[in-house]
Structures are given as structure tokens and as C-alpha cells.
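First comes the structure, then the notes that go with it.
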Amino acid sequence: MTAKHQPLPIDFYHRPTLELAQALLGCLLVNETPEGLASGYIVETEAYMGAGDRAAHSYGNRRTKRTEVMFAEPGRVYTYVMHTHTLINVVSGATDVPEAVLIRALDPFEGLDLISARRAGRKRMEWTNGPGKLTEALGITREDYGRKFTELPLYIAPGVVPAEISTGPRIGIENTGEARFRPWRFWVTGNPYVSR
DNA sequence: CGAGCGATGTTCT
DNA sequence: GAACATCGCTCGT
């Protein structure tokens, strides 16, 4: 089986996390499952800066079954379940530096019928405009935990370079002191699928 | 259309 | 038993 798009090489992930969070904007997130291929352009990300970041799961180098993959080399898939939804991160930072980039929104590209079916009953604008929605749209589950973004079935490929990138505080991390004000959320300026 | 809030599953203490 | 990197209702404008 060969991928429809050429996955980005592992070198792409070897860079500072704040830089990677922006470099991921405009890239294609692709999932090729037995049901078919679905993909979208990444339009919103958040950086989680590891041991010193109170909002990160790996704050204080907290190492548990869940956070274990954050300590691995960059370019791995970190999925976890939040309430009833799966969220997906790109592991960043060198080995033993537990940083990650949360993918918060996509602009749907391929497999629109499949995405529509998975997001049954929702308007197109609500298919992928949030971290829990886009995983449902692409069929991403916690089974994807630990995979490599450089190979099938779940991978990231080159897309378009955004015209402009905006920056602001992260979302949904109210109880994390000063960390909640850090401008570590990035999005493609003006894209309608950005979560807010 | 915005704020408020209940449902929900998993992980960790 | 609490905490949550959410979502999709409801009810108010």
C-alpha cells in the first residue's frame, strides 16, 4: 500500500516546538482507513511546552502511561480521550523533552462524503472546527496513539503556505495560572474553520 | 449568536 | 473521587 500524498520527512519535526506549531499550519493531515481517505488542511494549532508549562500534561516531567509518548522522539502521534472525544497532538521536542502540538482545526479537503457521514447531521462548517470534531471527521481514535506521522495510515503531507498567521492565548486551560496567557495558539488568519 | 451548563469516558491521585 | 487541551444543547438577546 502506498500513500496518496508524500508524507513529510522526519527532519520536518526536528525544530523548536513554537516553530513547528506554525510550520504545521497549511499542511495536510491525512488518514487512509479501510473506509477510505479523508484529509484536511491544518488551520489551527496550540503548542504545549513540556516540563515548564502548567497547561501541559507533561508539566514537571510528569511521566505516566498517557504522557509516555511525549518523551519519545518528535513526529509521533499523541492521542488521548477528553470527555467523549479523541484529541490529537504531534509530539515535538527531542527525546526526553516532552513537548507537543495540539491540532485544533482543519479545512476539509478530501473524502468529503466520508467526513460528512462521520459527522452525520452537522453543517459543513462544523465538521472540523474543533479538536474533538476533526478526529471524528478523519476517523482518528486512541488506537492511533504512538504511530509515526511519517507513514501510513495517519500522516502529514505538504499543503499550502498560509498567507498570514495569527497568534493568541490557548483555549480551555482556565486553571493553569500564568500559563493560560501565553500566546501559544496559532491559526491561519481569516480561515473560517478556526475554532473561535 | 453568545453565554451557560450538563453529559460523558479515561486517567491519575 | 476529582479533574479534565470538549461538544452540543438550551435559553436569552
Side-chain angles (χ1 to χ4, degrees), chain A residues 17-18 20-22 24-25 29 31 38 40 42-72 74 76-93 97-108 115-147 149 154 156 165-188 190-196:
Chain A
T17 298
L18 293 175
L20 179 62
Q22 295 171 78
L24 284 166
L25 295 175
L29 179 63
N31 199 17
I42 298 170
V43 296
E44 181 182 4
T45 60
E46 282 179 359
Y48 285 84
M49 300 300 288
D53 180 3
R54 271 191 63 180
H57 294 150
S58 53
Y59 176 60
N61 279 320
R62 203 159 63 106
R63 192 163 189 158
T64 66
K65 183 184 173 192
R66 181 177 68 159
T67 63
E68 185 61 33
V69 75
M70 294 181 78
F71 292 82
R76 294 268 184 174
V77 177
Y78 172 33
T79 50
Y80 81 100
V81 176
M82 176 56 169
H83 300 281
T84 53
H85 305 275
T86 301
L87 274 57
I88 185 169
N89 292 252
V90 180
V91 172
S92 181
V97 179
E99 301 177 350
V101 177
L102 171 67
I103 299 175
R104 287 196 57 92
L106 300 179
D107 194 330
I115 290 173
S116 176
R118 285 169 170 157
R119 297 285 297 146
R122 277 65 170 231
K123 293 176 298 184
R124 180 178 173 131
M125 289 310 303
E126 317 223 336
W127 287 352
T128 54
N129 65 337
K133 301 177 188 179
L134 72 90
T135 53
E136 184 173 54
L138 263 57
I140 295 166
T141 71
R142 59 184 171 170
E143 305 301 309
D144 293 306
Y145 182 96
R147 285 202 159 115
F149 277 114
L154 178 59
I156 295 173
I165 293 172
S166 298
T167 301
R170 293 171 293 180
I171 288 175
I173 52 165
E174 306 302 311
N175 302 316
T176 59
E178 293 299 310
R180 64 179 287 204
F181 302 114
R182 300 295 181 86
W184 290 343
R185 173 174 168 250
F186 305 95
W187 66 94
V188 176
N191 187 282
Y193 290 92
V194 172
S195 66
R196 61 173 83 160

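Just so it is clear: chains get the letters A, B, ... in the order the sequence lines come, proteins before strands, and each one is counted from 1.
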A/Y80 ring centre to A/R142 NZ or CZ under 6.0 Å, with the angle to the axis within 45°?
no

Heavy-atom closest pair, residues A/A72 and A/R76
CB-CG, 4.4 Å

Nearest to the side chain of A/P131, which nucleotide is it out of B/dC12, B/dT10, C/dC7?
C/dC7

Side-chain N,O (A/R104) to OP1/OP2 (C/dA5) below 4.0 Å:
no

Is C/dC9 paired to anything, Watson-Crick or G-U wobble with both distances less than 3.5 Å, and if yes, which nucleotide?
B/dG4

Minimum-distance nucleotide (side-chain atoms of A/R142 versus B/dT10, C/dA5, C/dT6):
B/dT10

Residue met sooner reading DNA chain C from 5', once A/Y78 and A/R119 are mapped to nucleotides
A/Y78

If I take atom OH in residue A/Y145 and atom P in nucleotide C/dA5, what distance separates them, rounded to the nearest angstrom?
16 Å

Choose from C/dC4, B/dC12, C/dA5 the nucleotide whose nearest atom is closest to any side-chain atom of A/K65.
B/dC12

Distance check needed: C/dA3 P versus A/R66 CZ, whole Å only.
14 Å

If you compare every side-chain N and O of A/R185 against the phosphate oxygens of C/dA5 (OP1, OP2), does one of them come in below 4.0 Å?
no

Heavy atoms only, 4.0 Å cut-off, all strands: where does A/R170 land among base, sugar-phosphate and nothing?
nothing

Atom CZ of A/R54 and atom C1' of C/dA5 are separated, to the nearest Å, by 15 Å

Looking only at side-chain atoms of A/Y48, point me to the closest of C/dC4, C/dA5, C/dG8.
C/dA5

For A/H83 and B/dT8, say yes or no: do the ring centres fall under 5.5 Å of each other while the ring planes differ by less than 30°?
no

When we call it a touch if two heavy atoms are under 4.0 Å apart, what does A/N89 touch: a base, just sugar-phosphate, or nothing?
base

Identify whether any heavy atom of A/I173 sits under 4.0 Å from a base atom; if not, whether one sits that close to sugar-phosphate; answer base, sugar-phosphate or nothing.
sugar-phosphate

Using a distance-only test with no angle check, is there a side-chain donor-acceptor pair under 3.5 angstrom linking A/R147 and A/Y78?
no

Using the side-chain heavy atoms of A/T64, tell me which of these nucleotides is nearest: B/dT8, B/dC12, C/dA5.
B/dC12

Between C1' of B/dC12 and CE of A/M70, the distance in whole Å:
16 Å

Would you kindly give the NE2-to-C1' distance between A/H57 and B/dT13, to the nearest whole Å?
15 Å

Could you state the NZ-P distance from A/K123 to C/dG8, rounded to the nearest angstrom?
12 Å

When rounded to the nearest 0.5 angstrom, what distance separates CH2 in A/W127 from OG in A/S116?
4.5 Å

A/N129 atom CG is separated from C/dG8 atom C1', nearest whole Å, by 12 Å

How far apart are the C-alpha atoms of A/R104 and A/I171, what are their side-chain angles, what is the distance that settles it, and do they pass the side-chain contact (heavy atoms from CB on, under 4.5 Å) test?
CA-CA 10 Å; A/R104 287 196 57 92; A/I171 288 175; 3.7 Å; yes

cation_pi(A/R170, A/Y48) dist<6.0 Å, angle<=45
yes

Given atom CG of A/L134 and atom P of C/dA5, what is their separation to the nearest angstrom?
17 Å

Nearest to the A/M82 side chain among B/dT13, C/dT6, B/dT8, which nucleotide is it?
C/dT6

